[in-house]
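Here the structure comes first, spelled out in C-alpha coordinates, and everything after it is commentary.
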Amino acid sequence: MTDREQNNHQSVQTSRYDDWKQVLQFTEQMFQAAQKEEWDKLEKIEEERHKLLYIYFSSMPDVLTEQILIKQIIQQMIALDRQVIILCQNGQQVLANKIQSLRIGNRAIQAYGS
(Lines give C-alpha, C1' and ligand atoms only; values in the text may rest on other atoms or scores of the structure.)
Protein backbone atom coordinates (compact mmCIF):
# COMPACT_ATOMS: atom_id res chain seq x y z
CA MET A 1 0.00 0.00 0.00
CA THR A 2 1.40 3.42 -0.96
CA ASP A 3 1.67 6.23 1.55
CA ARG A 4 -1.20 8.02 -0.15
CA GLU A 5 -3.45 4.94 0.00
CA GLN A 6 -2.54 4.39 3.63
CA ASN A 7 -3.35 8.03 4.50
CA ASN A 8 -6.68 7.78 2.68
CA HIS A 9 -7.46 4.53 4.49
CA GLN A 10 -6.63 6.08 7.86
CA SER A 11 -8.68 9.15 7.02
CA VAL A 12 -11.72 7.04 6.14
CA GLN A 13 -11.22 4.95 9.26
CA THR A 14 -10.97 8.06 11.47
CA SER A 15 -14.06 9.56 9.84
CA ARG A 16 -16.11 6.40 10.38
CA TYR A 17 -14.88 6.16 13.96
CA ASP A 18 -15.89 9.79 14.50
CA ASP A 19 -19.34 8.87 13.14
CA TRP A 20 -19.56 6.18 15.81
CA LYS A 21 -18.54 8.62 18.50
CA GLN A 22 -21.37 10.87 17.28
CA VAL A 23 -23.80 7.94 17.44
CA LEU A 24 -22.72 7.31 21.03
CA GLN A 25 -23.19 11.01 21.86
CA PHE A 26 -26.70 10.84 20.43
CA THR A 27 -27.37 7.77 22.58
CA GLU A 28 -26.14 9.59 25.68
CA GLN A 29 -28.37 12.56 24.80
CA MET A 30 -31.31 10.19 24.40
CA PHE A 31 -30.64 8.79 27.86
CA GLN A 32 -30.50 12.30 29.34
CA ALA A 33 -33.74 13.28 27.59
CA ALA A 34 -35.45 10.13 28.89
CA GLN A 35 -34.25 10.90 32.42
CA LYS A 36 -35.84 14.35 32.11
CA GLU A 37 -38.98 12.87 30.49
CA GLU A 38 -38.38 15.02 27.40
CA TRP A 39 -40.02 12.54 25.03
CA ASP A 40 -40.22 14.80 21.96
CA LYS A 41 -36.53 15.64 22.28
CA LEU A 42 -35.71 11.95 22.71
CA GLU A 43 -37.57 11.11 19.51
CA LYS A 44 -35.74 13.79 17.48
CA ILE A 45 -32.34 12.65 18.74
CA GLU A 46 -33.18 9.02 17.99
CA GLU A 47 -34.09 9.99 14.41
CA GLU A 48 -30.67 11.62 13.95
CA ARG A 49 -28.95 8.60 15.44
CA HIS A 50 -30.92 6.30 13.17
CA LYS A 51 -29.75 8.26 10.10
CA LEU A 52 -26.10 7.85 11.07
CA LEU A 53 -26.54 4.15 11.75
CA TYR A 54 -28.26 3.67 8.41
CA ILE A 55 -25.43 5.43 6.57
CA TYR A 56 -22.83 3.39 8.39
CA PHE A 57 -24.43 -0.01 7.85
CA SER A 58 -25.30 0.70 4.22
CA SER A 59 -21.56 0.69 3.56
CA MET A 60 -20.24 -1.97 5.93
CA PRO A 61 -16.52 -1.76 6.69
CA ASP A 62 -14.19 -4.49 5.51
CA VAL A 63 -11.45 -3.68 7.96
CA LEU A 64 -11.31 -5.86 11.05
CA THR A 65 -9.48 -3.22 13.10
CA GLU A 66 -12.29 -0.76 12.53
CA GLN A 67 -14.80 -3.31 13.72
CA ILE A 68 -12.76 -3.87 16.86
CA LEU A 69 -12.55 -0.12 17.53
CA ILE A 70 -16.31 0.36 17.35
CA LYS A 71 -17.19 -2.72 19.38
CA GLN A 72 -16.84 -0.86 22.66
CA ILE A 73 -19.00 2.01 21.42
CA ILE A 74 -21.72 -0.42 20.33
CA GLN A 75 -21.64 -2.07 23.77
CA GLN A 76 -22.04 1.33 25.44
CA MET A 77 -24.93 2.16 23.09
CA ILE A 78 -26.70 -1.10 23.92
CA ALA A 79 -26.32 -0.46 27.66
CA LEU A 80 -27.67 3.08 27.32
CA ASP A 81 -30.50 1.94 25.04
CA ARG A 82 -31.60 -0.54 27.67
CA GLN A 83 -31.71 2.25 30.25
CA VAL A 84 -33.62 4.51 27.83
CA ILE A 85 -36.19 1.75 27.29
CA ILE A 86 -36.65 1.33 31.04
CA LEU A 87 -37.07 5.09 31.52
CA CYS A 88 -39.57 5.25 28.64
CA GLN A 89 -41.55 2.36 30.11
CA ASN A 90 -41.58 4.10 33.50
CA GLY A 91 -42.67 7.35 31.85
CA GLN A 92 -45.40 5.49 30.01
CA GLN A 93 -46.64 4.04 33.30
CA VAL A 94 -46.62 7.47 34.95
CA LEU A 95 -48.72 8.86 32.10
CA ALA A 96 -51.10 5.90 32.27
CA ASN A 97 -51.55 6.52 36.02
CA LYS A 98 -52.27 10.21 35.39
CA ILE A 99 -54.84 9.32 32.73
CA GLN A 100 -56.49 6.88 35.12
CA SER A 101 -56.61 9.54 37.85
CA LEU A 102 -58.20 11.99 35.42
CA ARG A 103 -60.81 9.42 34.44
CA ILE A 104 -61.65 8.71 38.08
CA GLY A 105 -61.91 12.44 38.75
CA ASN A 106 -64.09 12.90 35.71
CA ARG A 107 -66.42 10.10 36.85
CA ALA A 108 -66.68 11.69 40.29
CA ILE A 109 -67.55 15.04 38.75
CA GLN A 110 -70.18 13.40 36.56
CA ALA A 111 -71.63 11.51 39.55
CA TYR A 112 -71.95 14.65 41.65
CA GLY A 113 -73.24 16.65 38.71
CA SER A 114 -76.09 14.24 38.00
Can you see which heavy atom on C88 is nearest to which on W39, and at what distance?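 For C88 and W39, the tightest heavy-atom pair comes out as SG-CZ3, 3.5 Å.
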Could you tell me which non-hydrogen atom of T27 sits nearest to which non-hydrogen atom of R49, and how far apart they are?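 Shortest heavy-atom contact: OG1-NH1, 3.0 Å.
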Treat each ILVMFWY residue as a node, draw an edge where side-chain heavy atoms are under 4.5 Å apart, and state whether [X] and [Y] are in one component.
| X | Y | result |
| --- | --- | --- |
| I99 | I104 | no |
| M30 | L52 | yes |
| Y54 | I45 | no |

Between L53 and M77, does the side chain to side chain contact (heavy atoms under 4.5 Å, CB included) criterion hold? Intermediate values first, please. CA-CA 12 Å; L53 288 170; M77 285 176 45; 4.2 Å; yes
With a 6.0 Å cut-off (strictly less than), is the heavy-atom count around [atom1] of [X], excluding the residue itself, greater than 12?
| X | atom1 | answer |
| --- | --- | --- |
| N97 | CG | yes |
| Q83 | CD | yes |
| Q72 | CD | no |

Determine whether D19 and I55 make a side-chain contact, defined as any pair of heavy atoms from C-beta on separated by less than 4.5 Å.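 SC-SC contact between D19 and I55 ruled out.
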Might you work through the side chain to side chain contact (heavy atoms under 4.5 Å, CB included) test for I73 and V23, ending with a clear yes or no? CA-CA 9 Å; I73 290 175; V23 168; 5.7 Å; no
Euclidean distance, Q89 CD relative to I86 CD1, rounded to 0.5 Å: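 If we round to the nearest 0.5 Å, I86:CD1 and Q89:CD are 7.0 Å apart.
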With rounding to the nearest 0.5 angstrom, report the NZ to CG distance, K36 to L42.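 Answer for the NZ-CG pair, K36 versus L42, is 12.5 Å.
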Hey, mind stepping through W20 and I74 against side chain to side chain contact (heavy atoms under 4.5 Å, CB included) and telling me if it holds? CA-CA 8 Å; W20 274 102; I74 292 173; 3.6 Å; yes
What I want to find out is whether K51 reaches E48 closely enough, with some N-O distance under 4.0 Å, to be called a salt bridge.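 Looking at K51 and E48, the cut-off is met.
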Testing K21, E28, Q22 one by one against L24 for a side chain to side chain contact (heavy atoms under 4.5 Å, CB included), which residue passes?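 Testing L24 for a side chain to side chain contact (heavy atoms under 4.5 Å, CB included) against K21, E28, Q22 leaves exactly one candidate, E28.
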Test side chain to side chain contact (heavy atoms under 4.5 Å, CB included) on D81 and F31 and set out the steps. CA-CA 7 Å; D81 278 348; F31 176 65; over 6 Å; no
